[in-house]
2 protein chains.
Amino acid sequence: MSDTVRSREEVSIADVAERAGVSVATVSRVLNGHTNVREATREKVRAAVAASGYRINELARNLRTAESRLLLTMVPDFGNPFYAAIVRGIDSVARQNGYFMLLCDTGADPLRERSYFDLLRGRRADGAICLDPAAVQNALAEEASALPWVACCEFDPDAGVPYVGIDNHLAAGDVVRYLIAKGHRRIALINSGHGYLYGRQRQAGYRDALEAAGIAANPAWQIDLDSLDYDAGERAAAQLASLGRERPTAIFAVSDTLAIGVMNGLRGAGLRVPEDVAVVGFDDIAVAAHVDPPLTTVAQPMQALGEAAANLLLKRLRDPRAHVPGVLLPHRLIQRRSA
Amino acid sequence: MSDTVRSREEVSIADVAERAGVSVATVSRVLNGHTNVREATREKVRAAVAASGYRINELARNLRTAESRLLLTMVPDFGNPFYAAIVRGIDSVARQNGYFMLLCDTGADPLRERSYFDLLRGRRADGAICLDPAAVQNALAEEASALPWVACCEFDPDAGVPYVGIDNHLAAGDVVRYLIAKGHRRIALINSGHGYLYGRQRQAGYRDALEAAGIAANPAWQIDLDSLDYDAGERAAAQLASLGRERPTAIFAVSDTLAIGVMNGLRGAGLRVPEDVAVVGFDDIAVAAHVDPPLTTVAQPMQALGEAAANLLLKRLRDPRAHVPGVLLPHRLIQRRSA
DNA sequence: CTGAAAGCGCTAACAT
DNA sequence: ATGTTAGCGCTTTCAG
């Protein structure tokens, strides 16, 4: 009570020890919940801690224990709502295991991503989960492969890095088969360029499903974009609409943002969805159910993906030489009104 | 060349020193770019560093220098795209000043937020920027006020915490005056509940502007929601639409997500935007320009808000006893087709 | 220009 | 059950 004035000077474990009339070791034991301390002593220490306003210096503890209990999650674009649920999944597992999870916005820039890996190298974080494009990951794989990290959603199965994701080839096939079952034979694909592995996988799934149904793919119906934003989708739709009688009756866009842009572009060209052109997206982001018409799309088990990634990472931290396998989780086609 | 095999054992500064035939002090000097080292010695050290694959242990350095050069940004909801540009602004300033910025998703939960503040208390981060609701901040203000942090967008001017934001009262007034100028007199407000200070400020701005124009506010046209998501906006619109002849001709929603939901709800009720009901949102998030019709809304200078917040924080870190003032930045009404 | 040595604040043997 | 002590890996006087 008499010591209300907390000096702004840092109070250390030694100060607490002195105050409580015990050794620093005892204070440390109390702090860490070791059982071999007499209750009376424990109480004295607690009182001294409270009275002094002591706060443990985790930096010192971390240096000593050689771990930070910090996990990093690297996202390529913080503005993309797609990552939200994944991040929540990671966070919940991290928390349950006594770790903090902190987010890094890499901007899909290898240099920035490298700088975050430096946090691992400098022992300031214990591990990382990377949601970045496989290309970015690969640029770093060589020197980074010894570091404790796992890939999520975007990954190269051959990079030797543990990963979690879905079967993109199968998912794209499911979309095409769904569209075919609805009577479509003129199906376009709007893809995300070759930076993303998932793009190549979905393209292959699209092609193979078409082929399996005996439908020849029209090259004019395959558009590769270098962006995933609404505008890009809009422009692609305009391009497809301008085909006139040669235009497709269904469009599969590899992301919901693209698909929403597509619907806008179609509307701009005087075409109705789904009457004139059906549209399917990918990801099932929050707005997808709230655009007009609501978007048919492929849902990934985002939360589960994040949880699985976190669990993989923790396993790797516990046993650095454990074999950590790649994991594929099931997706789901969400049927709404756009197709 | 002969030493390609990097032992997985941690190599320390002492190892490098031995290898280079110098003292650890000299290695440290080279590492930190001190000038008082002979070029030949410097070269020897560099070679030893490269050959050994040495990586500085930042934990140790941080302990010694008593700083982490880590900044935290706390967001209430990682999934809300509203924060993206702000975060980028913070990040760029942090980077330019040699800091890492890491994101924390608090879920607007005071307990979780407190846990992140613990990172500050434990010296694992040097400072923080908090984008959380003022209510959450206040729950922590008492004990947290000694910590180096600033509030951004949501803040209590009286909490004694440095802040950056916009003039919400004025912005809401601008919206109402714009609507009045367009001939509207039946203007509804869809608000976000009382958890958010900006909600109260915008409500006051709405009321005052109406009053100044001699228009009596109809209580049935003021809806308080406890959520900001699309569904909530949709339900509120349905409620307003059900008023029949008593329904408003314009709706001001305090966030774009709400506004988009409102437009959907209106459409569901057979009402056209803007012909039957005009809609104005707030924030100018990315989708706002891509919904149908494009949304008229208030843009906040997000990037600038983030930069200003980061600069305030850095100033506070440099001089803990400096007076750091509150800062208000200008907003802008973006006129599109919804109103 | 370089080295020796003293810590930063903590944990974990190893005593007692 | 408690204390002593040796570091964790680094930076920084202080000497030389």
*Grab the CD-P distance between B:E39 and C:dC1 for me, whole Å please.*
11 Å

*asked:* By the 4.0 Å heavy-atom rule, please label B:N32 as base, sugar-phosphate, or nothing.
replied: sugar-phosphate

*In whole Å, what is the span from the CD atom of A:E58 to the C1' atom of C:dC10?*
11 Å

*To the nearest Å, how far apart are B:R61 CZ and C:dG9 C1'?*
19 Å

*asked:* At a heavy-atom distance below 4.0 Å, which nucleotide of DNA chain D is the first touched by chain A, and which is the last?
replied: D:dA1 to D:dG9

*Can you tell me if the side-chain N/O atoms of B:S23 get under 4.0 Å from OP1 or OP2 in C:dG3?*
yes

*Considering only side-chain heavy atoms of A:V24, which listed nucleotide, C:dG3, C:dT2, C:dT11, is closest?*
C:dT11

*Are the charged groups of A:R121 and A:D118 less than 4.0 angstrom apart, N to O?*
yes

*Do other residues, nucleotides or ligands put more than 12 heavy atoms under 6.0 Å from A:E67 CD?*
yes

*When the distance from CG of A:D15 to C1' of C:dC8 is rounded to whole Å, what number comes out?*
13 Å

*Supply the atom-to-atom distance B:Y116 OH to A:F100 CZ, rounded to the nearest 0.5 angstrom.*
7.0 Å

_By the 4.0 Å heavy-atom rule, please label B:A25 as base, sugar-phosphate, or nothing._
base

*Nearest-Å distance for atom pair CG/C1', residues B:N57 and C:dC8*: 13 Å

*Closer to the 5' end of DNA chain C via nearest nucleotide, is it B:T41 or A:R29?*
B:T41

*Identify whether any heavy atom of B:T26 sits under 4.0 Å from a base atom; if not, whether one sits that close to sugar-phosphate; answer base, sugar-phosphate or nothing.*
sugar-phosphate

_Side-chain N or O of B:R38 closer than 4.0 Å to phosphate OP1/OP2 of C:dT2_ = yes

*How far does OG of A:S68 sit from CZ of B:R124, to the nearest 0.5 angstrom?*
6.5 Å

*More 5' along DNA chain C: B:T35 or B:R64, using each one's nearest nucleotide?*
B:T35

*Tell me: CG of B:N36 to C1' of C:dG3, nearest whole Å?*
13 Å

*asked:* Just to be sure I understand the rule, does B:I56 reach a base, reach only the sugar-phosphate, or reach nothing, if contact means heavy atoms closer than 4.0 Å?
replied: sugar-phosphate

*What's the CD-P distance between A:E10 and C:dG9, to the nearest Å?*
8 Å

*Provide, to the nearest angstrom, the distance between the CG atom belonging to A:L63 and the P atom belonging to C:dG7.*
17 Å

*Mark yes when over 12 heavy atoms from residues, nucleotides or ligands other than B:Q303 sit less than 6.0 Å from its CD; otherwise mark no.*
yes

*Side chains of B:D156 and B:V161 in contact at under 4.5 Å (non-hydrogen atoms)*: no

*Side chains of B:L312 and B:Y163: closer than 4.5 Å at any heavy-atom pair?*
no

